[in-house]
J.: 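Before I ask anything, here is the structure I am working with.
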Amino acid sequence: MKYNPRTYEAYQLFHDGILALSRAEQAGIRVDLEYIDRKKDHLTRKIERLEERFKGSDFFKHWQHTVRGKVNINSNVQLAHFLYVIKKIKVEKETASGQGATDDEALQKMDIPELEDLLEIRKLKKVRDTYLDSFKREQVNGYIHPFFNLHLVKTYRSSSDSPNFQNIPARDEEAMNLVRKAIFPSVGNQLLEIDFSGLEVRIAACYHKDPALLKYIRDPKSDMHADMAKQIFLIKDFDKSVPSHYILRQAAKNGFVFPEFYGDYYGNCAISMACTWGKLPQGDWEPEQGIEIGSFVPLFLSDHFISKGITSLGEFTMHVKKIENDFWGRRFPDYAEWKERWFKIYQKYGYVDLLTGFRCSGQMGRNDSINYPVQGAAFHCLLWSFIQVDKLILDKGLKSRLIGQIHDSMIIDADPSEVAFLAEAIRRITCEDLPNAWKWIIVPLDVDMAISPIDGSWADKSKLN
DNA sequence: GGAACTCGCCAC
DNA sequence: AAACGTGGCGAGTTCC
């Protein structure tokens, strides 16, 4: 990547930033070595049991027979050969290089019960070999010291390694617990985590200044995702406190709004939503496959959709296409125009400039030229705040320490007696000082905080407010 | 026997 | 017209 700050301020941000980050690296993160050893043994035994069962299956025996006993169940090359060449299963999903895929989605689709064990084995090995192992390998006196880099990412975000602190399981409940139970504050302390809510959407609005989107951001009573759920699922009296409606709101948010903002289109969105809210197995379905609406929509919506003339995945896809047109054409036309303008700027000059003074150049696609400046500037809001919090801790001689950062959040190994002070100061830094310092921030910013009990693990954190 | 590659999968 | 952005890393594999 080409590091190219165009202003003194941009240079200074990374200069101060890397110093603050290096202090976090030095402080490190405490890990529970006894837990790691115990859990690794436990996982190993569990994996062995699953492997034994898998190796007893007819599926495996057939596989083994075809290669004269030399099966490596970790090898996807061997697995792909067996599935697609020996068993002649039709390739429904390809890898980037055009081979038959053997990932979670591809295996799910084959509907071979024995493969469930293989997927479970993969998941447990991921936890053991990628996370617990690396914590043990990298720790010094019970602390890991992940690196935080500012010179590797083309969007001017950060990256982390040795171990990577930015990809610790969060969504999968089981994996999250297994790994985060290894991560602790220093003795007598608490882990305090502060993250910006909806940061990238808000920063995007600072570029395009679309009035309708600004209104959604500024008016706490408005709810864009609920409005989209209403429109996509044809619900008149939407109420997000109704559990089923809340699920549809999530489906609209993660299956339509965010992908559209990132540059995806209605085709993928329709399928992803059909998979998200229930019954359609994850995968790249063709809308033309004639899948009936009742086979993937919950009962209470199925008749409802049919009464509106949407009876298949194909028709649902066309429905989402109309919503996409409405989304960019009527709801957020200024945003849509900005995207066009922005890509044209890149085509004309060969670069795009971030609001924070950095320049992205080199080969970029349409989505890249639009996404990079948003992603980068959003991270810079976090970095600026991180530097201020670091400074505050040094100036006040606090005992708490910043220990890490994950793009839009920061983590502190906090002395309990300093938590209240820190929480208030950080709210001021992030929500008041930052927008005051950077005049281009024309939207309100907001943070969520979470905290672990004293001497509790990162898996035990709960909302702080 | 190490470098470079593919694949799969974790995060935001 | 085109069709989801950014990383790190482990295991297996291939190349030299």
Side-chain angles (χ1 to χ4, degrees), chain A residues 1 71-81 93-107 118-119 121-135 137-138 146-172 174-176 178-180 195-201 203-204 254-272 284 317 320-321 324 339-340 343 347 360 364-376 378-379 382 404-410:
Chain A
M1 142 206 188
V71 170
N72 179 347
I73 65 166
N74 295 320
S75 168
N76 294 318
V77 174
Q78 291 182 30
L79 180 59
H81 182 264
K93 191 192 176 192
E94 295 179 353
T95 66
S97 68
Q99 303 296 304
T102 55
D103 64 2
D104 187 276
E105 184 185 312
L107 298 190
L118 197 60
L119 291 173
I121 289 167
R122 267 191 197 165
K123 189 175 121 179
L124 298 177
K125 279 190 173 165
K126 175 91 179 168
V127 168
R128 186 190 62 180
D129 300 342
T130 301
Y131 296 105
L132 299 184
D133 259 358
S134 71
F135 292 173
R137 187 180 64 238
E138 299 291 343
F147 292 108
F148 294 98
N149 315 297
L150 291 179
H151 63 297
L152 294 175
V153 182
K154 33 187 181 177
T155 61
Y156 296 96
R157 259 196 185 181
S158 63
S159 70
S160 169
D161 65 88
S162 309
N164 183 350
F165 188 63
Q166 296 179 322
N167 71 345
I168 294 181
R171 287 160 205 171
D172 183 293
E174 190 190 0
M176 185 274 270
L178 286 169
V179 178
R180 295 190 179 220
D195 74 292
F196 281 100
S197 33
L199 187 60
E200 286 196 6
V201 171
I203 296 311
N254 298 319
F256 182 82
V257 177
F258 285 159
E260 286 283 346
F261 282 167
Y262 277 125
D264 207 355
Y265 84 117
Y266 65 88
N268 290 335
C269 293
I271 286 158
S272 131
D284 294 320
T317 303
V320 177
K321 180 180 182 178
E324 180 184 87
K339 295 207 294 183
E340 293 318 312
F343 186 44
Q347 288 177 310
C360 293
M364 281 185 255
R366 181 195 145 89
N367 287 339
D368 299 331
S369 70
I370 292 158
N371 288 333
Y372 289 5
V374 175
Q375 211 178 75
F379 166 65
L382 183 276
Q405 155 275 126
I406 314 173
H407 308 304
D408 67 353
S409 73
M410 55 186 136

J.: A/E260 vs A/F256, test: side chain to side chain contact (heavy atoms under 4.5 Å, CB included). Steps then yes/no.
T.: CA-CA 6 Å; A/E260 286 283 346; A/F256 182 82; 3.6 Å; yes
J.: Give the intermediate values and the outcome of side-chain hydrogen bond (donor to acceptor under 3.5 Å, both in side chains) for residues A/S160 and A/Q405.
T.: CA-CA 9 Å; A/S160 169; A/Q405 155 275 126; over 6 Å; no
J.: Looking across every strand, which nucleic acid part, if any, lies under 4.0 Å from A/A101 by heavy atom: base, sugar-phosphate, or nothing?
T.: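 It contacts sugar-phosphate atoms only.
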J.: Where does the chain A footprint on DNA chain B start and end, counting 5' to 3' with a 4.0 Å heavy-atom cut-off?
T.: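 First-to-last contact on DNA chain B, by the 4.0 Å heavy-atom rule, is B/dT6 to B/dC12.
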J.: Treating primed atoms plus P, OP1 and OP2 as sugar-phosphate and everything else as base, which nucleotides of nucleotides 8-16 of chain C get B, S or - for protein heavy atoms under 4.0 Å?
T.: BSSSSS---
J.: Verify side-chain hydrogen bond (donor to acceptor under 3.5 Å, both in side chains) between A/N268 and A/D264, making sure each step is shown before the conclusion.
T.: CA-CA 7 Å; A/N268 290 335; A/D264 207 355; 2.8 Å; yes
J.: Rounded to the nearest 0.5 Å, what's the gap from CZ on A/R157 to CD on A/Q375? Could you check?
T.: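 Answer rounded to 0.5 Å: 3.5 Å.
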J.: Atom CZ of A/F148 and atom P of C/dG7: how far apart are they, to the nearest Å?
T.: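 Between P of C/dG7 and CZ of A/F148: 17 Å.
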J.: Pair A/M410, A/D195 - check side chain to side chain contact (heavy atoms under 4.5 Å, CB included), show working.
T.: CA-CA 7 Å; A/M410 55 186 136; A/D195 74 292; over 6 Å; no
J.: Hey, is A/K93 close enough to A/D103 for a salt bridge, meaning N to O under 4.0 Å?
T.: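 Looking at A/D103 together with A/K93, the answer is yes, because their closest N to O distance falls below 4.0 Å.
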J.: Out of curiosity, A/T155 OG1 to A/F379 CZ, how far, rounded to the nearest 0.5 Å?
T.: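 If we round to the nearest 0.5 Å, A/T155:OG1 and A/F379:CZ are 9.0 Å apart.
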J.: I'd like to know whether A/N167 forms a side chain to side chain contact (heavy atoms under 4.5 Å, CB included) with A/Y131, so could you lay out the CA-CA distance, the side-chain angles of the two residues, the decisive distance to 0.1 Å, and finally the verdict.
T.: CA-CA 9 Å; A/N167 71 345; A/Y131 296 105; 3.7 Å; yes
J.: Under a 4.0 Å threshold between the charged nitrogen and the carboxylate oxygen, would A/K123 count as salt-bridged to A/D172?
T.: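 Answer for the salt bridge query: yes.
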J.: Base, sugar-phosphate or nothing for A/R171? Non-hydrogen atoms, less than 4.0 Å.
T.: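 Since a base atom lies under 4.0 Å of A/R171, the category is base.
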J.: Count the heavy atoms of every other residue, nucleotide or ligand shown that sit under 6.0 Å from CZ of A/F343, and state whether that count exceeds 12.
T.: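 Check passes, neighbour count above 12.
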J.: Sort me out a list of protein N/O and nucleotides 1-5 of chain C N/O pairs below 3.5 Å, or just none if empty.
T.:
| unit_1 | atom_1 | unit_2 | atom_2 | d |
| --- | --- | --- | --- | --- |
| C/dG5 | O4' | A/N371 | ND2 | 3.1 |
| C/dG5 | O3' | A/D368 | OD1 | 3.2 |
| C/dG5 | N2 | A/R157 | NH1 | 3.4 |
| C/dG5 | N2 | A/Q375 | NE2 | 3.2 |
| C/dG5 | N3 | A/Q375 | NE2 | 3.0 |

J.: A/S158 near the nucleic acid: base, sugar-phosphate alone, or nothing, with a heavy-atom cut-off under 4.0 Å?
T.: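 No contact.
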